[in-house]
There are 2 protein chains.
Amino acid sequence: MKNRDAHTEGPDLAALAALLADGTRAAFCLALLDGRAWTATELARHAGVAASTATEHLNRLVAGGLLAEERQGRHRYVRLADPATAELIENLASLAPRRPAPPGSLPAVNRSRALARARTCYDHLAGALGVAITESMTRRGLLDWEHGLTLTADGTAWLAELGVALPPTTRRPAVRSCLDWTERRPHLAGAVGAALCAHAFDSGWITRIGTGRAVAPTAAGRQALRERLGLSDEFCTPGS
Amino acid sequence: MKNRDAHTEGPDLAALAALLADGTRAAFCLALLDGRAWTATELARHAGVAASTATEHLNRLVAGGLLAEERQGRHRYVRLADPATAELIENLASLAPRRPAPPGSLPAVNRSRALARARTCYDHLAGALGVAITESMTRRGLLDWEHGLTLTADGTAWLAELGVALPPTTRRPAVRSCLDWTERRPHLAGAVGAALCAHAFDSGWITRIGTGRAVAPTAAGRQALRERLGLSDEFCTPGS
DNA sequence: GGGACACTTCGACGTTCGCCGAAGTGTCGC
DNA sequence: GCGACACTTCGGCGAACGTCGAAGTGTCCC
């Protein structure tokens, strides 16, 4: 009989990691990083598996606490359970090895490029656009990284001037650095990152591309980003 | 043939999670969160597996990039690859379900209590002591959480007065919040958290308990923590 | 030089898991 | 009320994985 010190009370790391240690379940979680709710059938199609397979995987992810579900008639909607879960998926994604592009698939390459340009990372902006916004805010003194990441007084005023509504003080950090796994540089997350992203959608600055989590700035958005943050059009044009 | 949108270019989340989705490999990684290097035999004993099993698991963890290895004679030492890996394990541990204590095992309960009181969390202090230090620094205006976690000017001066050497500006965040999985409240991580922990060891304020990652303050440490941070003795006494 | 120690390799074994199709249930819309 | 749709349940199948012991290799110390 083994004497297993390792299995005393503590976090069951293996149980949590096992939830994500499967290509289909991982694909579901990455898809849900767009912040929206998907139906079981949508996720099955996205991952290329049978509906029965999708049901079984979703049951495990919900039971394990990573997803939350909601029934509407004959549809089963699921979403990531909470921001902490999204942050975990983001962290894992930033450290995970990259899967190479399948050779010769132009649609797939275009999708990857669109994701790299601009996407939602659960509830904030990511991709080259998200990183550019973060760097511009830093240059303009709205964010300060020197003694930890903080929103400066200028930053608070700037958000108020934009009409960005921050939620009342919560347990959630106001600003958080999120390592962008396509750009390999940080973009802004946390409550401020989420509020800025919501504002960008609400103001019609950005719009979704297709059904994925890629987004693109609109003409009004390009103008606003140029005026408010001095971003050049390179971050704002559709790629070729 | 399936049409798997999900398997286009992107992070291979499942491959990374699979590295940790096993009780033995998870136990290795949690043990290595003490920040030290362990030999293969020590890890095998800790996890209660045969040496051959340990070798095979370590090979996978090294190949997967989570561990780094070093040979010294007939000993194979391994450690966590870098702070980013440690942070990932910490994040997973804080969200993982808790494994209940085995019934009636007094040694195991004592080990859990010791870990909850004070331990190293890779390179910074965790447990009730780590959380208390963080809360006291916040009360005294050395840390500010309101617009993102930042070390204040008072905090920088305080560290200088203590003789805590901060590394030159690096890519690593100066301060980072780490959710303590025993206390369920945040403790201080990042470069400042690491420097404070190193100072506590160097100054003889804390000492390791046995071979695990539990630590305990010394008499000198208790006095220093009382004088410098106003911590009461409840955080500093060995449990009963 | 030889014995002990730390670790590795590999084949065998048992278990677990992902997948699917078929049959079923619950919901909607005509 | 019935057909279509979304989803679920379950048994079967094949693959993958963790474990170990035995045999082996490399290192140390007497």
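These numbers were taken from a predicted model, which means no experiment stands behind them. In what follows, every chain begins at residue 1, and chains take the letters A, B, ... in the order their sequences are listed.
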Q: Mind jotting down which residue pairs meet the salt bridge (Lys or Arg N to Asp or Glu O under 4.0 Å) criterion with at least one end in residues 120-133 of chain A? Sequence neighbours excluded, please.
A: A:Asp123-A:Arg172
(Q) Looking only at the side chain of A:Thr55 (C-beta and beyond, no hydrogens), which of the listed nucleotides C:dC19, C:dT9, D:dT9 gets closest? (A) D:dT9
**Q.** Short side-chain N/O contact to C:dC17 OP1/OP2 from A:Arg60, under 4.0 Å
**A.** no
**Q.** side chain to side chain contact (heavy atoms under 4.5 Å, CB included) involving A:Ala31 - partner list, sequence neighbours excluded
**A.** A:Trp38, A:Leu43, A:His46
Q. Looking only at N and O atoms, is any donor in the side chain of A:Ser52 or the base of C:dG21 less than 3.5 Å from an acceptor on the other one?
A. yes
Q | Pairs touching residues 50-69 of chain B that satisfy ring-ring contact (aromatic ring centres under 6.0 Å, His included), sequence neighbours left out | A | none
Q: Return the value, rounded to whole Å, for the distance between atom NE2 of B:His57 and atom P of C:dT8.
A: 13 Å
(Q) Please confirm whether the shortest side-chain N or O distance from A:Thr53 to OP1 or OP2 of C:dC20 is below 4.0 Å. (A) yes
Q) Could you state the CG-P distance from A:Asp22 to D:dC17, rounded to the nearest angstrom? A) 11 Å
Q | Residues from residues 65-81 of chain A lying under 4.0 Å of DNA chain D - heavy atoms | A | A:Arg71, A:Arg74, A:His75, A:Arg76
Q: Return the value, rounded to whole Å, for the distance between atom CG of B:Leu58 and atom P of C:dT9.
A: 12 Å
Q. Under the side chain to side chain contact (heavy atoms under 4.5 Å, CB included) criterion, do A:Leu179 and A:Asn91 qualify, and how do the steps go?
A. CA-CA 7 Å; A:Leu179 182 61; A:Asn91 286 344; over 6 Å; no
Q.
By nearest atom, which of the nucleotides D:dC20, D:dG18, C:dT9 is closest to the B:Arg25 side chain?
A. D:dG18
Q: Could you pull out all residues at least two apart from A:Glu42 that satisfy side-chain hydrogen bond (donor to acceptor under 3.5 Å, both in side chains)?
A: A:Thr39
(Q) If the cut-off is 4.0 Å, is B:Thr24 near the phosphate of D:dT19, judged by side-chain N/O to OP1 or OP2? (A) yes
Q | Pair listing, salt bridge (Lys or Arg N to Asp or Glu O under 4.0 Å) test, anchored in residues 77-92 of chain B, at least two apart | A | B:Glu87-B:Arg176, B:Glu90-B:Arg176
